[in-house]
Visitor: 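Take a look at the following structure, please.
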Amino acid sequence: MQVRFGYVAMSVIVQNASPSKTMTATNFSKLQDREAAIRKLERIAEENIHNTLRLLRHNRAHGIEVFRFSSRLIPLIGHELLAGWDPYPVLAGPFAELGAYVREHGMRVSFHPDHFTVLSTPRKEVLDSSIADLNRHVRMLEAMGLDTRAKSNIHIGGTYGNKPSARERFVRHFGLLGDEVRQRLTLENDDKTFNAAETLSVCEEVGVPMVLDVHHHAVNNDGESAESLWPRIAATWDGPNGSGLAPKIHVSSPKSEADPRGHADYVEAGPLHHFLQSIAASTPRLDVMIEAKRKDDALMKLVEELSGLDGVKRSGEAAVELGG
DNA sequence: ACCTGTCAAGTCTGG
DNA sequence: CCAGACTTGACAGGT
């Protein structure tokens, strides 16, 4: 099994390369000259996109081929203060350059719209803004010229005290999305609400790939092991929306006993090693997204540590090989 | 240079 | 019905 590793949005190694610079709405509305304020937002967005490209160059230098973009590349987009604003004339060039780099080096990239995007919601206004947010993520990927292998990963959402009806709403709302959005979605199990088995059943029903978060699974399950669910999870990547991609998992380690759901600075190699060994024979390729405070530093340390363990062979600066 | 309170967005819990 | 917690990086305003 070939395993690649990636990390989320920002580097702790490359300095002054934030892809998430912003301006507060309060500050925006304080500016007298709206046109000048909008130009400032556009400059921040260009800087965020350029810093993302710098991160990808850093990744390439370290053999890292998997990466999650920040969802805050364009500050305040979608806010009512910016109604009617179209930043794309200015950002088309920078986005295209970023996407070209991704394609040129065969990188796997994704977004993870944050928890304000909730398709299980019973509130129409929340559903509308969620759909608008998903559409905006697709728009960015299209501006980068990336095909449907570039995904947006989301959770199913809240349960509102009635999980079956929340599930039913999710499926119904999913059907309202445009093809271009649905083809780019993946669903991830949650640490509080929809667990891995429940998320998997939704993925199978609506035909989207599932991202297994092994840490979320450890703190939210009905007693079944991740290994026992894996064959079905892996199979969701064989469907039409899997687009020939390797299955993807998220890994992180508990912050502490007092806060088992929080993310620690680094990722412990032991539990991951155990999981990888259990699926290696049946899974030719796997991509692992590291969700740790120490970002790319944690990635390199994890790959280093894994490489010293049973049956693991290092096959690159940010890749290992197991079994077979 | 460094510290603290605040920030677009949602949901859940407890009052 | 409403306030606060949750969680995160970064701003804003202070020292």
Side-chain angles (χ1 to χ4, degrees), chain A residues 7-31 37-38 40-41 43-45 47-49 51-52 55 68-85 87 111-137 140 152-163 165-167 169-170 173 188-195 213 215-216 219-220 250 252-256 258-265 289-298:
Chain A
Y7 66 100
V8 177
M10 59 183 293
S11 169
V12 300
I13 296 167
V14 184
Q15 296 300 296
N16 302 312
S18 169
S20 313
K21 285 215 177 70
T22 188
M23 184 192 301
T24 60
T26 314
N27 214 252
F28 177 86
S29 46
K30 272 193 228 160
L31 298 173
I38 284 175
K40 189 167 175 185
L41 284 180
R43 234 188 29 249
I44 294 170
E47 202 179 330
N48 287 340
I49 296 166
N51 279 339
T52 302
L55 294 173
R68 181 195 300 166
F69 292 133
S70 163
S71 279
R72 300 170 190 222
L73 293 174
I74 310 175
L76 294 182
I77 186 114
H79 192 280
E80 56 177 10
L81 285 171
L82 275 302
W85 174 40
F111 277 116
H112 195 348
D114 58 13
H115 66 280
F116 306 114
T117 289
V118 191
L119 292 181
S120 69
T121 186
R123 297 165 55 197
K124 183 175 187 324
E125 64 275 23
V126 174
L127 176 63
D128 289 346
S129 61
S130 296
I131 293 174
D133 192 41
L134 290 172
N135 289 337
R136 284 194 297 270
H137 281 84
M140 288 191 279
S152 286
N153 178 56
I154 60 171
H155 295 274
I156 292 175
T159 58
Y160 314 86
N162 185 340
K163 206 180 262 188
S165 74
R167 182 196 193 280
R169 266 195 311 276
F170 177 93
H173 293 161
E188 176 188 348
N189 58 305
D190 198 277
D191 58 352
K192 280 179 158 164
T193 58
F194 290 87
N195 67 26
D213 187 310
H215 182 190
H216 290 169
V219 296
N220 184 18
H250 288 179
S252 49
S253 292
K255 193 181 178 73
S256 64
D259 181 12
R261 295 201 329 270
H263 288 182
D265 289 357
M289 180 65 74
I290 288 164
E291 296 184 326
K293 303 267 180 243
R294 293 291 298 170
K295 308 287 180 183
D296 45 348
D297 181 28

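Just so you know, these numbers come straight off a predicted model, no measurement behind them. Lettering follows sequence order; numbering is per chain, from 1.
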Visitor: Please determine which of R68(A), E188(A), H137(A), H250(A) meets the side-chain hydrogen bond (donor to acceptor under 3.5 Å, both in side chains) test together with H112(A).
Guide: E188(A)
Visitor: Nearest whole Å is fine: how far is dA12(C) P from M23(A) CE?
Guide: 8 Å
Visitor: With heavy-atom distances below 4.5 Å as the criterion, would you say the side chains of N220(A) and N189(A) are in contact?
Guide: no
Visitor: Pick base, sugar-phosphate or nothing for T193(A), based on heavy-atom distances below 4.0 Å to the nucleic acid.
Guide: nothing
Visitor: Mind checking whether F28(A) and L76(A) have side chains closer than 4.5 Å, heavy atoms only?
Guide: yes
Visitor: What integer distance in Å separates I156(A):CD1 from dG10(B):C1'?
Guide: 17 Å
Visitor: CD of E125(A): more than 12 outside heavy atoms within 6.0 angstrom?
Guide: yes
Visitor: Students often get this wrong, so: under 4.0 angstrom with heavy atoms, is T159(A) touching a base, only sugar-phosphate, or nothing?
Guide: sugar-phosphate
Visitor: Taking atom P in both dC2(B) and dT8(C), compute the distance separating them and give it to the nearest angstrom.
Guide: 24 Å
Visitor: Would you kindly compare R123(A) and T24(A) by the position of their nearest DNA chain B nucleotide and give the one closer to the 5′ end?
Guide: T24(A)
Visitor: Base, sugar-phosphate or nothing for T26(A)? Non-hydrogen atoms, less than 4.0 Å.
Guide: sugar-phosphate
Visitor: So L82(A), base contact, sugar-phosphate only, or nothing? Heavy-atom distance under 4.0 Å.
Guide: nothing
Visitor: Tabulate atom names and distances for all N/O pairs under 3.5 angstrom spanning the protein and nucleotides 1-7 of chain C.
Guide:
unit_1 : atom_1 : unit_2  : atom_2 : d
dT7(C) : OP1    : R261(A) : NH2    : 3.4

Visitor: For atom P, what is the distance between dT7(C) and dC3(B), given to the nearest Å?
Guide: 23 Å
Visitor: How is T117(A) classified with respect to the nucleic acid when contacts are heavy atoms under 4.0 Å: base, sugar-phosphate, or nothing?
Guide: nothing
Visitor: Would you indicate whether K163(A), at its atom NZ, is surrounded by more than 12 heavy atoms from other residues, nucleotides or ligands within a distance under 6.0 Å?
Guide: yes
Visitor: So does L73(A) get a backbone contact from the side chain of N48(A), meaning a donor-acceptor N/O pair under 3.5 Å?
Guide: yes
